[in-house]
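Contents: one structure, followed by commentary.
Computation of the quantities below employed the complete heavy-atom set of this structure, encompassing side-chain atoms and omitting hydrogens, waters and symmetry-equivalent molecules. Below, chain A is the first sequence line, B the second, and so on; all start at residue 1. The structure displayed is predicted, hence computed values, not measured ones.
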Number of protein chains: 2
Amino acid sequence: MSGMPQTTGQVSRAAGWQVIPGGKPADPLDVLAGIGMTITLPRDRELHAQGDRAEFCYRIVSGCVRTIKLMEDGRRQVGGFLLAGDCLGFGTLDSHDFAAEAVTEIVLRRYRRREVEALADRHAALARHLREMAARDLRDAYDRMLLLGRKTASERIATFLLEVAARQASRDKVVLPMCRGDIADHLGLTVETVCRMMTHLQREGTIVIRPGGVELLSLPALRQMAADPRH
Amino acid sequence: MSGMPQTTGQVSRAAGWQVIPGGKPADPLDVLAGIGMTITLPRDRELHAQGDRAEFCYRIVSGCVRTIKLMEDGRRQVGGFLLAGDCLGFGTLDSHDFAAEAVTEIVLRRYRRREVEALADRHAALARHLREMAARDLRDAYDRMLLLGRKTASERIATFLLEVAARQASRDKVVLPMCRGDIADHLGLTVETVCRMMTHLQREGTIVIRPGGVELLSLPALRQMAADPRH
DNA sequence: CGAGAATTTGAAAGTCGTCAAACGACGTGG
DNA sequence: CCACGTCGTTTGACGACTTTCAAATTCTCG
């Protein structure tokens, strides 16, 4: 279940990040522009396996990535889904604690961790930004623990939908690039339960299920449901 | 076969101090010595509440601390337990994402985050160490997500006992300063289930329950149970 | 249009939670 | 020093939410 041969997709050189009209770099990670490489990967390709030496870290340009922890018997926990702009592996020890796979075809910027670390030693601002990224990841992780440890199935689904919606420009049309199984393994549920809960939400008139995503009809109803153990 | 890291879960465990041949312990956090203050708190006292501005961060000198997230209706998730040497709040955004409370009477060293950050900007080695601490926290958090999302009650208990044992000098006599309710809220279970599972382990001859802790009679049996969904 | 995969729905089973009560440890006061 | 009250732990019976197993339906894509 671990490392597929590292035959990556197309690897291409890339120009730097988008420069803002004004001329000033607005992104603290801009200092990395010179040491990165742009890469395209097909759907379901592994960025890295669980246990791999952490040589690289990444920033998603487009597409969706999932992080995965596996048990020997096949049980799976999806740690999270990364979208455009999200970073991966910047705060990692010697080896990756989880695998990362492309949910859709993805374009990403790849950096050598060695170089990032060296750069961080010279640029306190970058170092600080890396700490902030880690802090945000940690905050999200604690929220997820609460969800996995204490929330009911319907609360998990509602929470998830609101989370994804908050990360996408459109408030109400939510794109779900990942399959039900991924969502289930992310929320600590089964595929069937995810389906049932979403169907339930649809019957209640809270959402509309569409191929590739859902439409949120009532954010208040979802928010209510995200913290209410009863249906 | 990729690695299945079996790590303990909690906030900012200090790395083992490597002893340098010369004879001095080289703790990267030694640079903080001058800006810290030693504090003693009684049992159940809050270090900080959920949502508090994150003015301070801490390092446990002695005793045990629990981190807690609360929902409005009272449901509680204990993020982790901190023991002597562990750090808390070094990688935090503007406000604390969770509360921290003394499980036992504790002695701790308190630092002003502002000063730590300033110091980190000047000392790349400290900055790097802070990133490492965050990385360890994050790794632990991912392990916990797998536990909360996919492990059965007995697996959770076995995992927990092994984790605590690994952090204490004595391999087999494990001190549990926290009550059953804390353990339950840490593992996403109820008090009753925690009791039942521990009783079960005792009847199987795997552990002996003693006031204030447990004695581990068979680590292999526990390790087996930590990854086996069946009893 | 057709095959395979993903999603959805249904029925039955099981694990864990809920409710309730007994038991035990501990600290205070008599 | 022991009685007693309180709090935490343990045990039991029952119930329910979720899972499991199975099958129908829909979607995707060649």
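- Within the structure, a side-chain polar atom (N or O) of A:T190 is placed less than 4.0 Å from OP1 or OP2 of D:dT19.
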Test log, rule side-chain hydrogen bond (donor to acceptor under 3.5 Å, both in side chains), inputs A:Q202 and A:T199: CA-CA 5 Å; A:Q202 180 165 27; A:T199 301; 5.6 Å; no
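- The neighbour count for A:R167 CZ, taken as heavy atoms of other residues, nucleotides or ligands under 6.0 Å away, is above 12.
- When rounded to the nearest whole Å, the span between CE of B:M198 and P of C:dG24 equals 18 Å.
- In this structure, CG in A:L189 is found 8.5 Å from CG in A:L148, a value given to the nearest 0.5 Å.
- Note on A:C195: a base of the nucleic acid sits closer than 4.0 angstrom, heavy atoms only.
- With axes fitted over five pairs at each extremity, the angle between the ends of the helix from C:dC1-D:dG30 to C:dG30-D:dC1 is 40° (10° resolution).
- Closest approach to the B:C179 side chain among D:dT10, C:dC26, D:dG8 is made by D:dG8 (side chain taken as heavy atoms from C-beta onward).
- A:L93 places a side-chain heavy atom less than 4.5 Å from the side chain of B:R136.
- A:G188 comes within contact range of the sugar-phosphate backbone alone, with a heavy-atom separation under 4.0 Å but no base atom that close.
- Atom CG in B:L176 sits about 10 Å away from atom P in D:dT9, given to the nearest Å.
- Of the residues near DNA chain D, B:R43 and A:L189, the one whose nearest nucleotide (by heavy atom distance) lies more toward the 5' end is B:R43.
- Checked against a 6.0 Å centroid threshold, the rings of B:F56 and B:H48 do not count as neighbours.
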side-chain hydrogen bond (donor to acceptor under 3.5 Å, both in side chains) between B:H186 and B:R144, intermediate numbers included: CA-CA 9 Å; B:H186 182 49; B:R144 191 142 312 280; 3.2 Å; yes
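- Put simply, the side chain of A:R150 gets close to the backbone of B:R76: a donor and an acceptor are under 3.5 Å apart.
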Provide a list of protein-nucleic acid N or O atom pairs under 3.5 angstrom, restricted to nucleotides 12-16 of chain D.
unit_1 : atom_1 : unit_2 : atom_2 : d
D:dG12 : N7     : B:R196 : NH1    : 2.9
D:dG12 : O6     : B:R196 : NH2    : 3.4

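- With A:D52 contributing its side chain and A:A49 its backbone, the two residues share a donor-acceptor pair below 3.5 Å.
- At a cut-off of 3.5 Å, with distance as the only test, no side-chain donor of A:R43 or A:T104 sits close to an acceptor on the other residue.
- Put simply, B:T152 has no side-chain N or O that comes within less than 4.0 Å of OP1 or OP2 on C:dT15.
- Taking atom CG of residue B:L148 and atom C1' of nucleotide D:dT18, one finds them 17 Å apart after rounding to whole Å.
- One finds a side-chain N or O of A:T193 lying less than 4.0 angstrom from the OP1 or OP2 phosphate oxygen of D:dT19.
- Atom CZ in A:R150 sits about 16 Å away from atom C1' in D:dT18, given to the nearest Å.
- In the model, B:R53 has no side-chain atom that pairs as donor or acceptor with a side-chain atom of B:S95 under 3.5 Å.
- Distance B:I207 CD1 to D:dT10 P: 9 Å, rounded to the nearest Å.
- As rounded to whole Å, 18 Å separates atom P of D:dT18 from atom CZ of A:R180.
- For B:R210 and D:dG8, the CZ to P distance is 23 Å, given to the nearest whole Å.
- In this structure, A:I209 places its CD1 atom 14 Å from P of D:dT26, rounding to the nearest Å.
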